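Written below as structure tokens is the structure these notes are about.
Values in this document were obtained by computation on a predicted structure and should not be read as measured data.
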Amino acid sequence: MQQKLLVVDDEESIVTLLQYNLEQAGFDVSVAMTGKQAVEKAEAEPFDLIVLDVMLPEMDGLEVCKSLRGSKIMTPILMLTAKDDEFDKVLGLELGADDYLTKPFSPREVVARVRAILRRAVSERALPTKSEEPEKLLLGEVEIYPENYEVYYHGEQIELTPKEFELLIYLMNHQGRALTREQLLNAVWNYDFVGDTRIVDVHISHLRDKIEPNSKKPVFIKTVRGLGYKLETADKYE
């Protein structure tokens with residue numbers, strides 16, 4: 001079965017270029033020219049991935065991303081941003097985008113990035129056979145259920161994006177080890193961000209906001225100065 005993509009851009013030439021190359025790569029592609037159309041289509045039918053431009057009429061890409069995530073639509077989003085627009089990149093990731101690509105880009109690069117994101121999404125959905133008692137990981141007052149993609153803090157469920165959840169699980173599986181930002185990029189995103197490690201810092205910041213008693217003074221996810229991050233071992237907070 002073909003994977004379904006939604007391409008959203010108000011420049012007809014870019015839409016035509018993306019649609020042609022993605023269809024040549026074997027994808028079923030729908031298009032939208034405005035932010036409002038994108039939200040309507042994404043709410044009306046399921047897509048495997050959305051390619052979303054930031055600069056759109058009616059609703060910009062950031063508003064679209066925020067709207068979809070607010071409606072619990074967790075379809076992976078590849079956001080297209082203007083060249084070197086750091087604000088859009090970071091804010092897009094904060095709002096729940098899975099990745100970004102700067103213009104101008106090559107069609108081959110878009111296809112490769114789309115395939116990489118979809119591989120990760122398929123892997124995340126490939127849950128192991130459930131036992132009678134689902135596996136539970138403990139991090140202080142945080143309870144993590146990897147099979148169900150659920151996290152609870154003081155008994156209340158908290159919402160993590162797919163990438164935040166995957167990052168947390170990776171940190172849990174490597175407790176006590178200092179991990180570089182590059183290691184985290186390769187493990188969680190599965191491709192090279194060409195030296196741009198800001199995406200790791202953004203996701204770590206959001207994880208801290210959600211699971212740390214005080215995100216300004218983290219007790220779980222520690223910064224290793226000049227290197228990256230480390231999750232303290234469980235016995236540190238028992």
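- Listed for the E166 side chain is no donor-acceptor partner under 3.5 Å among the backbone atoms of P162.
- Put simply, the side chain of S71 gets close to the backbone of S67: a donor and an acceptor are under 3.5 Å apart.
- The two atoms that bring A97 and C65 nearest to each other are N-SG, 3.6 Å, heavy atoms only.
- Looking at heavy atoms from C-beta onward, V200 lies out of side-chain contact with V188 at the 4.5 angstrom threshold.
- Atoms CD and CD1, on E150 and I144 in that order, are 12.0 Å from each other to the nearest 0.5 Å.
- Annotation: K4, atom NZ; neighbour count of heavy atoms from other residues, nucleotides and ligands within 6.0 Å is above 12.
- Other residues, nucleotides and ligands place no more than 12 heavy atoms under 6.0 Å from the CD atom of E156.
- Side-chain contact between T75 and L68 is absent, with no heavy-atom pair separated by less than 4.5 Å.
- With hydrogens and angles disregarded, a donor-acceptor distance shorter than 3.5 Å links the side chain of D98 to the backbone of I77.
- By the side chain to side chain contact (heavy atoms under 4.5 Å, CB included) test, E212 is found to be paired with R208, P218, V219, F220, I221, residues two or more places apart in sequence or in another chain being considered.
- Side-chain contact between T81 and T102 is present, with heavy atoms from C-beta onward closer than 4.5 Å.
- For the atom pair L168 CG and L207 CG, the distance stands at 5.5 Å (nearest 0.5 Å).
- The backbone N or O of H203 lies less than 3.5 Å from no partner atom in the side chain of E164, so there is not a single donor-acceptor pair.
- Put simply, M74 and L160 are part of two different groups of oily side chains (I, L, V, M, F, W, Y) that touch within less than 4.5 Å, one to the next.
- Dense packing is recorded around CD of E45, with more than 12 heavy atoms of other residues, nucleotides or ligands lying under 6.0 Å away.
- Using a 4.5 Å heavy-atom threshold, the side chains of D201 and R181 count as touching.
- The side-chain heavy atoms of I117 and L78, taken from C-beta on, include a pair separated by under 4.5 Å.
- A ring-ring contact (aromatic ring centres under 6.0 Å, His included) check over residues 157-181, counting only residues at least two apart or in different chains, returns the pairs Y149-F165, Y170-H174.
- Atom CD of residue E63 and atom CD of residue E58 lie 10.5 Å apart, to the nearest 0.5 angstrom.
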**Request:** Go through the steps to decide whether L18 and L5 satisfy the test side chain to side chain contact (heavy atoms under 4.5 Å, CB included), and finish with yes or no.
**Result:** CA-CA 11 Å; L18 290 174; L5 309 183; over 6 Å; no

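- The nearest pair of heavy atoms linking V224 to A178 is CG2-CB, 4.0 Å.
- A donor-acceptor contact shorter than 3.5 Å links the side chain of K41 to the backbone of V31.
- Counting only distance, with no hydrogens or angles, the side chain of R69 and the backbone of G96 share a donor-acceptor pair below 3.5 Å.
- When each of I50, V64, D53 is checked for a side chain to side chain contact (heavy atoms under 4.5 Å, CB included) with V8, only I50 meets the rule.
- Hydrophobic clustering (side-chain heavy atoms under 4.5 Å, transitive across Ile, Leu, Val, Met, Phe, Trp, Tyr) groups I73 together with L52.
- Here F47 contributes atom CZ and L6 contributes atom CG; the two are 4.5 Å apart, rounded to the nearest 0.5 Å.
- Linking ILVMFWY side-chain heavy atoms closer than 4.5 Å, directly or via other members, places Y229 and M172 in a single hydrophobic cluster.
- Under the 4.5 Å side-chain heavy-atom criterion for grouping Ile, Leu, Val, Met, Phe, Trp and Tyr, L167 is connected to Y153 within one hydrophobic cluster.
- Judged purely by atom type and a 3.5 angstrom limit, R113 has no side-chain atom pairing as donor or acceptor with the backbone of D99.
- Closest non-hydrogen pair, K103 versus L80, comes out as CE-CB, 4.2 Å.
- Note: K216 NZ to D209 CG = 7.0 Å, rounded to the nearest 0.5 Å.
- If you take CD on E143 and CG on L138, they are separated by 6.0 Å, rounding to the nearest 0.5 Å.
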**Request:** Could you please spell out the steps behind the side chain to side chain contact (heavy atoms under 4.5 Å, CB included) verdict for F27 and V7?
**Result:** CA-CA 11 Å; F27 297 107; V7 171; over 6 Å; no

**Message:** Run the side chain to side chain contact (heavy atoms under 4.5 Å, CB included) test on L171 and I204 for me, step by step, so that the C-alpha distance in whole Å, both residues' side-chain angles and the decisive distance to 0.1 Å come before the verdict.
**Reply:** CA-CA 10 Å; L171 289 168; I204 289 289; 4.1 Å; yes

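- Around atom NZ of K66, no more than 12 heavy atoms belonging to other residues, nucleotides or ligands sit under 6.0 Å away.
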**Request:** Tell me, with the steps shown, if Q3 and L49 meet side chain to side chain contact (heavy atoms under 4.5 Å, CB included).
**Result:** CA-CA 8 Å; Q3 291 173 301; L49 183 141; over 6 Å; no

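- V51 is not listed as a side-chain neighbour of L101, based on a closest heavy-atom distance of 4.5 Å or more.
- A donor-acceptor contact shorter than 3.5 Å links the side chain of K210 to the backbone of E159.
- M79 and M59 fall within a single hydrophobic cluster, where Ile, Leu, Val, Met, Phe, Trp and Tyr side chains are chained together by heavy-atom contacts under 4.5 Å.
- Scored by the side chain to side chain contact (heavy atoms under 4.5 Å, CB included) test, Q24 finds Y20 as partners (sequence neighbours excluded).
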